[in-house]
Amino acid sequence: MQPSQRANQITPSATLAVATKAAQLRAEGVDVIGFGAGEPDFPTPPHVCAAAKEALDRGATNYAKPASGIPEAKAAVIEKFRRENDLQYAPDEVIVTLGGKEALALAFMALLDPGDEVLLPVPYWVSFPEQIGLAGGKVVPLTPSRSDFRLTPEEIGAALTPRTKIFVFNSPSNPGGFAYTPDEVREIAAALADRDIMVFSDEMYDRLRYGDRREHLSFANAGDGWRDKTLTFNAASKSHSMTGWRLGYAAGPNWLIKAMAKIQSHTTSGAVNFAQYGLVAALTGDQSHVEEMRQAFEQRGTHMAARLNALAGVSCLQPSGAFYCFPDVSGAFGKLGVSNSTDFCAKVLEDAHVALVPGGAFGMDTHVRLSFATGMAKIDAGLDRLEKLLGKV
Ligand SMILES: Cc1ncc(COP(=O)(O)O)c(C=O)c1O
């Protein structure tokens, strides 16, 4: 016996080798500074925890009904989209899932047939290609010509083929740490007009935007017709520091949400019942924690990018969204005697005891990802080590 072709087609995570090595070094007593974690270092707000605890004490421990989300959670999701994204949805146009990840996986499974193409901007979130492949789709990676990662409407228009079924849009971006402006979103939407495609808009980081890119426009709001041709994905994970709660959601046309819910009912039976009351509190209760985190991330990101740009052979954009720096480190490959991001990260881990994520996992082998969802002291300690290893410009 052996695992299925489906399981075998999944690429072992390129990040795993570095993570395993980091864990091994730590077990040996080495003080490793990690910039890998894609999760806020803030606690979940107390009022969110209290709501879930109350639900638990009340006995909300049976199956969530319906599996696609309890009515209170769907109402909270509808309220979030109305209040923050100026989008109106009915309960049968939303689904609550086990993290944003389940929503995306269900959607690819519900829409793709074998051979359908998915246009995927590079750099991409690490799970996109795997989820598309598992659903039988064909990934068509689209690498931007500009060094700031932002695709032009012309580049996107030129990459479409008659087989393109989905365009994946992720702004603010993991791992790119950048965000499109509302005008840019409208221009991209215009380039896709008249095409029989769906847009999967991953807006997990919509509330974590910085500098002159604070304003978020949902793709579904990018012009006539896009509301019904866009599936919008979000989660409590990043904005409300709830990664371990596994609470995500999506909104879009009823025919697709219904298809997703059918698959969900036979795979996970949906998000955890009492946890969904935490989602209600997060989306409809006091929001001050979101802005507190956002301000801290902005400060940290600005600082981290400045320090990265001071390193020899490293070039980093000022982050405008999410909580990642994604610098080009290819100018430092020679100094470390390496020729790709995986070897670069392995060498940095070995010599400086700093754990980074290789950009190859996101489709860009010249770059590495550092999360700044971590304290300033740790950021400085890690950057001090990198400075010692690579030197200053
Ligand atoms: C772009 C993007 N989409 C989806 C997800 C999945 O989020 P969740 O943890 O809610 O499943 C992540 C998490 O890292 C992400 O960065």
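Both counts, for ligands and for their atoms, begin at 1 and track the order of listing. Predicted model, so just to flag it, every value in this text is computed and none were measured.
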Contact region, Lys101 to ligand 1, non-hydrogen atoms below 4.0 Å, reads both

With heavy atoms and a 4.0 Å threshold, my read on which part of Tyr205 contacts ligand 1 is side chain

| message | With heavy-atom distances below 4.5 Å as the criterion, would you say the side chains of Tyr277 and Glu72 are in contact? | response | yes

Under 4.0 Å from one or more heavy atoms of Gly99, ligand 1 contributes atoms 10 (O), 11 (O)

Exactly one candidate in Phe42, Tyr205, Phe372 meets ring-ring contact (aromatic ring centres under 6.0 Å, His included) with Phe323; the answer is Tyr205

Quick check: Gly100 and ligand 1, any N/O pair under 3.5 Å apart? yes

- Please confirm whether the backbone N or O of Thr374 pairs with a side-chain atom of Arg300, one donor and one acceptor, at under 3.5 Å? yes

To the nearest 0.5 Å, atom CG of Asp380 lies from atom CZ of Arg307 at 5.0 Å

Glu39 near ligand 1, heavy-atom distance under 4.0 Å?
no

Note: ligand 1 atoms sitting under 4.0 Å from heavy atoms of Ala235 are 10 (O)

At under 4.0 Å between heavy atoms, what of Asn170 touches ligand 1? The answer is side chain

Below 4.0 Å from any atom of ligand 1, is there a heavy atom belonging to Lys238? yes

Can you find a pair of side-chain heavy atoms, one from Tyr249 and one from Leu283, that are under 4.5 Å apart?
-> yes

Query raised in the report: Can you check whether Thr243 has an N/O within less than 3.5 Å of an N/O in ligand 1?
Result: no

Nearest non-hydrogen protein atom to atom 5 (C) of ligand 1, with distance, is Trp125 CZ2, 3.4 Å

- [ ] Could you check if a side-chain atom of His240 sits within less than 4.5 angstrom of a side-chain atom of Val48, using non-hydrogen atoms only?
- [x] no

Atom 10 (O) of ligand 1 sits nearest the protein heavy atom Ser237 OG, 2.6 Å

Note: ligand 1 atoms sitting under 4.0 Å from heavy atoms of Asn174 are 1 (C), 14 (O), 15 (C), 16 (O)

Close side-chain approach of Asp365 and Ser330, heavy atoms under 4.5 Å:
no

Is the gap between the ring centers of Phe149 and Phe362 under 6.0 Å? no

the protein heavy atom lying closest to atom 9 (O) of ligand 1 turns out to be Arg246 NH1, 3.1 Å

of all protein heavy atoms, closest to atom 2 (C) of ligand 1 is Asp202 OD2, 3.3 Å

inquiry  = Using a 6.0 Å distance limit plus a 45 degree cone around the ring axis, check whether Lys258 lies over the aromatic ring of Trp255.
reply    = no

